[in-house]
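Working notes for the structure below.
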Amino acid sequence: MNKLLLAAAFALAAVRSAYAAPLNVVELFTSQGCSDCPPANANFREIADRPDVLALSFSVTYWDRLGWKDTFGKQEFTRRQYEYAKDFQSNPYTPQIVIDGRTDLIGNVKREIEDTIAKQQPLSGPAITIANNKLSVAAQPHPAHSANVWLVRYDPHVVNVPVGRGENAGAVLPHRNVVRELTRLGSWNGDAETYDLPNAQPGLATAILVQDIHGPVLSALKL
C-alpha cells in the first residue's frame, strides 16, 4: 500500500472510530468531604470498565465547608447538579448517580446501578462524528427542545487522594474518570452543525454530550 492510500486508510479509520457507539451516560456527583461517598465511588469505578458506559465523575463544592476542600471540585460541576435537581424536582445530594440525564439514584449498591442502566432506553439523538478537530452533529428533524453540546475532558486513570480533614480525614480516596473540564461548545436545534474541537491536555480523555436543555442526554460519544 502506497503512502497516499495508507494515509487515507488511517483517516477513514479515525472518522469511523469517532462515530457514537451505543452508550449509557453515568454521572457521579461526589465529594471528598462526604463520608457516604466512598462506596458509590467504588461502584462507579467498576461501572467505568463497561464499554457500553460513559462514566463521568463530577466533584461538587458544597461540602467544602466541612473542613476539606475537594481537590477536583468546581462550581460549574455544582451548578450542573443543581440543574438536574430542578429537572428532577428534588434537592442536590451526594453521592448521586444520574443516568442518561433521565433518572437518578444514590449509587451505594452496584446491583441497583446495573439494573437502572439496563432499564434505560437507547439514546436516539443525532449522530456525532469527529474528524480533523471538527465535531459534527447530524441533522435530526423535529427535536422536542433545543440542546446543548458539551465537551467533556476527564482523567481516565485512577487517582488516589489523601484526605487531611473533614468526614474522610485520614483516608486515601481513589477516583476515576474525574472530569477536569466541562465546556459548552454551542447549541443544537435539529440542523446539522459543526464545532471546532480544541486539543485536549495530555493525559485527558474526551467525551461529547448532546443534551436536551431539560436534562435528558440525546447522544454521547467517548474517544
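By convention here, the first residue in the shown sequence is residue 1. In this text the structure is predicted, and so the values were computed from the model without any measurement. Keep in mind that the numbers below use all heavy atoms, side chains included, and drop hydrogens, waters and symmetry copies.
Val149 has its side chain out of reach of Arg184: every pair of non-hydrogen atoms, C-beta onward, lies at least 4.5 Å apart. A heavy-atom distance below 4.5 Å is found between the side chains of Leu185 and Leu197. At a threshold of 4.5 Å between non-hydrogen side-chain atoms, the residues Leu218 and Gln211 do not count as touching. Looking at Glu181 and Gln201, their side chains come closer than 4.5 Å, going by heavy atoms from C-beta outward.
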Practice task
Kindly indicate, with the supporting measurements, whether the criterion side chain to side chain contact (heavy atoms under 4.5 Å, CB included) is fulfilled by Tyr82 and Val60.
Solution key: CA-CA 10 Å; Tyr82 270 74; Val60 299; over 6 Å; no
Handout entry: Val179 and Ser57: CA distance, side-chain angles, deciding distance, side chain to side chain contact (heavy atoms under 4.5 Å, CB included) verdict
Key = CA-CA 6 Å; Val179 175; Ser57 176; 5.7 Å; no
Exercise for the section: Give the intermediate values and the outcome of side chain to side chain contact (heavy atoms under 4.5 Å, CB included) for residues Ile97 and Ile47. Expected result: CA-CA 11 Å; Ile97 284 181; Ile47 293 295; over 6 Å; no
Handout entry: side-chain hydrogen bond (donor to acceptor under 3.5 Å, both in side chains) assessment of Asp36 paired with Tyr93
Key = CA-CA 10 Å; Asp36 292 328; Tyr93 63 91; over 6 Å; no
Exercise for the section: Test side chain to side chain contact (heavy atoms under 4.5 Å, CB included) on Leu105 and Ile99 and set out the steps. Expected result: CA-CA 9 Å; Leu105 67 161; Ile99 300 176; 3.9 Å; yes
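Just one of Ile113, Asn177, Asn41 meets the side chain to side chain contact (heavy atoms under 4.5 Å, CB included) condition when paired with Leu28; it is Asn41.
When every heavy atom of Gly164 is checked against every heavy atom of Ala169, the shortest pair comes out as O-CB, 3.9 Å. Nearest heavy atom pair, residue Asp64 against residue Asp70, reads OD1-N, 3.1 Å. For the residue pair Asn168 and Cys34, the shortest heavy atom distance occurs at ND2-O, 2.9 Å. Residues Thr194 and Ser136 approach most closely at OG1-OG, 3.7 Å, considering heavy atoms. Shortest non-hydrogen contact noted between Tyr154 and Ala207 is CE2-CB, 3.9 Å. When all heavy atoms of Trp68 and Gly33 are compared, the pair lying nearest together is CD1-N, 4.5 Å.
Hydrophobic clustering (ILVMFWY, side-chain heavy atoms < 4.5 Å, transitive): Phe44 and Val98 are in distinct clusters. No path of Ile, Leu, Val, Met, Phe, Trp and Tyr side chains, each step under 4.5 Å between heavy atoms, connects Leu56 with Ile117, placing them in separate hydrophobic clusters. Ile130 is connected to Val210 through a chain of hydrophobic side-chain contacts under 4.5 Å among Ile, Leu, Val, Met, Phe, Trp and Tyr, so both are in one cluster. Residue Phe77 is not grouped with residue Leu204 when hydrophobic side chains (ILVMFWY) are merged at heavy-atom distances under 4.5 angstrom, including chains of intermediate members. Under a hydrophobic-cluster definition in which Ile, Leu, Val, Met, Phe, Trp and Tyr are linked whenever side-chain heavy atoms come within less than 4.5 Å, directly or via other members, Tyr195 and Leu223 are assigned to the same cluster.
No donor-acceptor distance shorter than 3.5 angstrom exists from the side chain of Asn91 to the backbone of Ala85, with no hydrogens or angles considered. Within the 3.5 Å criterion, the main-chain N or O of Val25 finds a donor-acceptor partner in the side chain of Asp100. Listed for the Trp188 side chain is a donor-acceptor partner under 3.5 Å among the backbone atoms of Ala138. Put simply, the side chain of Gln140 gets close to the backbone of Ser124: a donor and an acceptor are under 3.5 Å apart. Looking only at distances, a side-chain donor or acceptor of Gln32 sits under 3.5 Å from a matching main-chain atom of Thr71. Counting only distance, with no hydrogens or angles, the side chain of Ser219 and the backbone of Pro126 share a donor-acceptor pair below 3.5 Å. Using a distance-only test at 3.5 Å, with no hydrogens or angles considered, a donor-acceptor pair links the side chain of Asn43 to the main chain of Asn108. A donor-acceptor contact shorter than 3.5 Å links the side chain of Lys222 to the backbone of Val53. No donor-acceptor distance shorter than 3.5 angstrom exists from the side chain of Asp155 to the backbone of Val178, with no hydrogens or angles considered. Counting only distance, with no hydrogens or angles, the side chain of Thr78 and the backbone of Thr61 share a donor-acceptor pair below 3.5 Å.
By the neighbour-count criterion of 12 heavy atoms within 6.0 Å, atom NZ of Lys74 is densely surrounded, having more than that number from other residues, nucleotides or ligands. Residue Ile106 places its CD1 atom among 12 or fewer non-hydrogen atoms of other residues, nucleotides or ligands, all under 6.0 Å distant.
Taking CG from Asp87 and CZ from Arg102, the interatomic distance works out to 11.5 Å, rounded to the nearest 0.5 Å. Taken to the nearest 0.5 Å, the CG atom of Leu135 stands 10.5 Å off from the CD atom of Glu193. Note that CG of Leu66 is 5.0 Å distant from CD of Glu167, once rounded to the nearest 0.5 Å. Expressed to the nearest 0.5 Å, how far CG of Asn24 lies from NZ of Lys119 amounts to 13.5 Å. The OG atom of Ser146 sits 4.0 Å away from atom CD1 of Ile213, with the distance rounded to the nearest 0.5 Å. Remark: Gln81 CD to Ser31 OG distance equals 10.0 Å, nearest 0.5 Å.
Applying the salt bridge (Lys or Arg N to Asp or Glu O under 4.0 Å) rule to pairs touching residues 37-56 yields Glu46-Lys110, Asp49-Arg176, Arg50-Asp52, sequence neighbours excluded.
For Glu83 and Arg80, the salt-bridge test fails: no basic side-chain N is under 4.0 Å from an acidic carboxylate O.
Using bins of under 30°, 30° to 60° and over 60° for the plane-to-plane angle, the ring pair Phe29/Phe58 lands in the parallel bin.
Defined by atom type and a distance below 3.5 Å, a donor-acceptor pair is present between the side-chain atoms of Glu27 and Tyr84.
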